[in-house]
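These notes concern the structure reproduced below.
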Amino acid sequence: MNNKSASPKAGKVIRCKAAICRIPGKPLVIEEIEVEPPKAWEIRIKILCTSLCHSDVTFWKSSTDLPKLPLPVIFGHEAVGVVESVGEYVEEVKERDLVLPIFHRDCGECRDCKSSKSNTCSKFGRGYRPNMPRDGTSRFRELKGDVIHHFLNISSFTEYSVVDITHVVKITPHIPLGIACLLSCGVSTGVGAAWKVAGVEVGSTVAIFGLGAVGLAVAEGARLNRASKIIGVDINPEKFEIGKKFGITDFINPATCGDKTVSQVIKEMTDGGADYCFECIGLTSVMNDAFNSSREGWGKTVILGVEMHGSPISLNSIEILKGRSVCGTYFGGLKPRSDIATLAQKYLDKVHLRSSFHLCDPNSDSAGLLVFL
């Protein structure tokens with residue numbers, strides 16, 4: 001099907017501003033760029049709201065152990081926007097639809113997408129691809145014609161971006177843009193990790209290492225699943241007051257544990273170890289702490305943080321034989337096309353019932369994270 005567009009810019013190159021990374025670790029530069037029209041199975045989006053995810057920072061620092069990014073590149077992958085125009089064969093969305101561009105692909109057709117065992121998509125193979133997934137080319141150009149590269153299939157630090165349809169989810173226009181934006185990465189990752197990956201049960205105990213946006217979203221997911229004890233671990237004591245809004249019942253500052261390790265403290269608090277532990281920082285040392293804090297017999301550790309130094313994790317095999325398990329997850333195990341709508345509707349239902357949603361302290365690093373009250 002060839003979708004004909006009524007947009008006056010459809011089929012034409014758009015000039016707009018973007019924040020460009022030219023040197024790793026150096027300030028981004030605001031420049032005027034050209035954004036090409038979408039090709040087949042692609043859409044061009046006007047970005048309405050975007051936020052900064054820690055993964056953007058990790059890649060911006062460009063550790064040598066992470067996938068090498070071609071430069072220059074436009075970062076950003078947590079956003080919401082409106083469809084400006086569509087390419088051929090796009091039937092899922094149309095102009096002016098509100099959409100979430102999502103870094104985690106969901107084609108709905110491959111063997112992985114059809115399986116309930118994971119949220120992996122193998123339509124275009126595996127591994128990191130710096131530009132458009134189908135032909136490997138970029139839709140961004142400098143005014144002089146040189147290529148600017150995409151990031152995580154999204155690149156939202158620009159006024160307009162082009163995204164493959166497998167990375168797009170249509171969303172209700174009734175949800176506030178600032179809330180919708182967070183559903184495209186951080187909130188979904190955290191809530192999904194507790195809901196889909198761990199499967200936190202009523203009355204279970206949870207320990208969360210790192211109370212940034214993702215960690216607080218994990219707490220919210222655990223609270224929604226009615227965990228009895230949700231322990232937050234962070235070196236910033238101010239996070240406890242913030243965390244209480246998301247269900248944190250207890251707080252541990254590793255710097256004030258004295259002669260005891262964090263895992264020893266958690267085992268004392270949970271009568272042998274937490275049922276579920278979540279690592280939301282991205283450090284192998286913390287991953288080990290999380291694993292050692294889980295209960296023998298059935299304790300499960302879920303890793304959400306991207307290891308910022310590329311270091312491998314090393315676990316004691318004897319401890320694994322005792323029944324502990326560890327797993328990782330991208331995007332909280334959620335399948336974007338179906339699960340994002342569920343989270344959005346849950347938010348809207350709660351607004352309708354109690355009208356009591358609020359945001360975190362705007363000065364905290366978890367600013368903007370929504371609360372399901």
Side-chain angles (χ1 to χ4, degrees), residues 38 41-45 47-51 53 55-56 76-83 86 90-94 97-126 128-129 132-134 150-156 161-175 177 179-198 213-214 217-218 220-221 224 302 304 306 328-348 369-370 372:
W41 294 288
E42 298 173 358
I43 69 171
R44 189 161 58 188
I45 301 171
I47 302 297
L48 301 178
C49 179
T50 188
S51 56
C53 174
S55 295
D56 294 307
H77 65 279
E78 192 172 66
V80 61
V82 62
V83 177
V86 303
V90 172
E91 299 180 346
E92 295 87 345
V93 298
K94 63 183 184 303
D97 280 346
L98 191 68
V99 295
L100 294 182
I102 297 178
F103 77 96
H104 200 70
R105 185 183 307 118
D106 185 2
C107 74
E109 301 170 350
C110 69
R111 177 184 178 187
D112 294 283
C113 283
K114 291 180 179 180
S115 172
S116 61
K117 296 180 180 179
S118 82
N119 65 339
T120 299
C121 176
S122 54
K123 184 176 181 67
F124 304 121
R126 307 184 191 278
Y128 179 78
R129 296 189 176 196
M132 299 303 292
R134 295 179 192 264
H150 295 248
F151 177 68
L152 292 183
N153 302 292
I154 304 300
S155 290
S156 60
S161 188
V162 177
V163 180
D164 191 273
I165 191 60
T166 58
H167 288 275
V168 174
V169 172
K170 183 178 177 180
I171 192 168
T172 172
H174 301 297
I175 190 168
L177 294 179
I179 300 299
C181 175
L182 297 171
L183 289 176
S184 73
C185 184
V187 168
S188 296
T189 296
V191 172
W195 166 35
K196 286 270 189 172
V197 181
V214 173
V218 171
E220 178 62 13
L224 288 171
V302 181
L304 294 88
V306 177
T329 179
Y330 272 129
F331 202 59
L334 300 184
K335 290 183 180 291
R337 292 194 179 190
S338 56
D339 292 330
I340 291 299
T342 299
L343 291 182
Q345 192 59 51
K346 186 181 292 289
Y347 173 83
L348 292 174
L369 189 62
L370 69 162
F372 297 109

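One-based numbering along the sequence shown. Nothing here was measured: the structure is a model prediction, and the numbers come from that model.
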Heavy-atom closest contact ([X] atom, [Y] atom, distance):
| X | Y | answer |
| --- | --- | --- |
| Cys107 | Cys113 | N-SG, 3.5 Å |
| Ile45 | Pro101 | CD1-CB, 4.2 Å |
| Ile175 | Ala180 | CG2-CB, 3.7 Å |
| Leu224 | Lys346 | CD1-CD, 4.2 Å |
| Pro336 | Leu334 | CD-O, 3.3 Å |

Side chain to side chain donor-acceptor pair (under 3.5 Å) against [X], all qualifying residues, sequence neighbours excluded:
| X | result |
| --- | --- |
| Ser51 | Glu78 |
| Ser161 | none |
| Lys170 | none |
| Asp164 | Arg134, Thr166 |

Ring pair (Phe, Tyr, Trp, His ring centres under 6.0 Å) with His167: which residues, sequence neighbours excluded?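 In terms of ring pair (Phe, Tyr, Trp, His ring centres under 6.0 Å), with neighbours along the sequence ignored, His167 is linked to no residue.
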I need the [X] [atom1] to [Y] [atom2] distance, nearest 0.5 Å.
| X | Y | atom1 | atom2 | value |
| --- | --- | --- | --- | --- |
| Met132 | Phe124 | CE | CZ | 9.0 Å |
| Ser118 | Tyr330 | OG | OH | 13.0 Å |
| Leu48 | Ser156 | CG | OG | 11.5 Å |
| Ile154 | Phe103 | CD1 | CZ | 9.0 Å |
| Leu177 | Thr50 | CG | OG1 | 12.0 Å |

Which residue pairs satisfy the salt bridge (charged side-chain N to carboxylate O under 4.0 Å, His left out) criterion with at least one member in residues 112-125, sequence neighbours excluded?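 Pairs touching residues 112-125 that pass the test: Glu109-Lys123, Asp112-Arg126.
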Could you pull out all residues at least two apart from Asn119 that satisfy side chain to side chain contact (heavy atoms under 4.5 Å, CB included)?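 Side chain to side chain contact (heavy atoms under 4.5 Å, CB included) check on Asn119 returns His104, Phe331, Lys335.
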Can you name the side chain to side chain contact (heavy atoms under 4.5 Å, CB included) partners of Ser55, sequence neighbours left out?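 By the side chain to side chain contact (heavy atoms under 4.5 Å, CB included) rule, Ser55 matches Cys53, His77, Val306.
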Given Val80 and Ser184, is the side chain to side chain contact (heavy atoms under 4.5 Å, CB included) satisfied, shown in steps? CA-CA 8 Å; Val80 61; Ser184 73; over 6 Å; no
Side-chain heavy atoms of [X] within contact of [Y], under 4.5 Å:
| X | Y | value |
| --- | --- | --- |
| Val163 | Asn153 | no |
| Pro38 | Val86 | no |
| Thr329 | Leu304 | yes |

Check: residues 188-197 side-chain donor-acceptor pairs under 3.5 Å, at least two apart:
unit_1 : atom_1 : unit_2 : atom_2 : d
Ser188 : OG     : Leu183 : O      : 2.5
Thr189 : OG1    : Cys185 : O      : 2.8

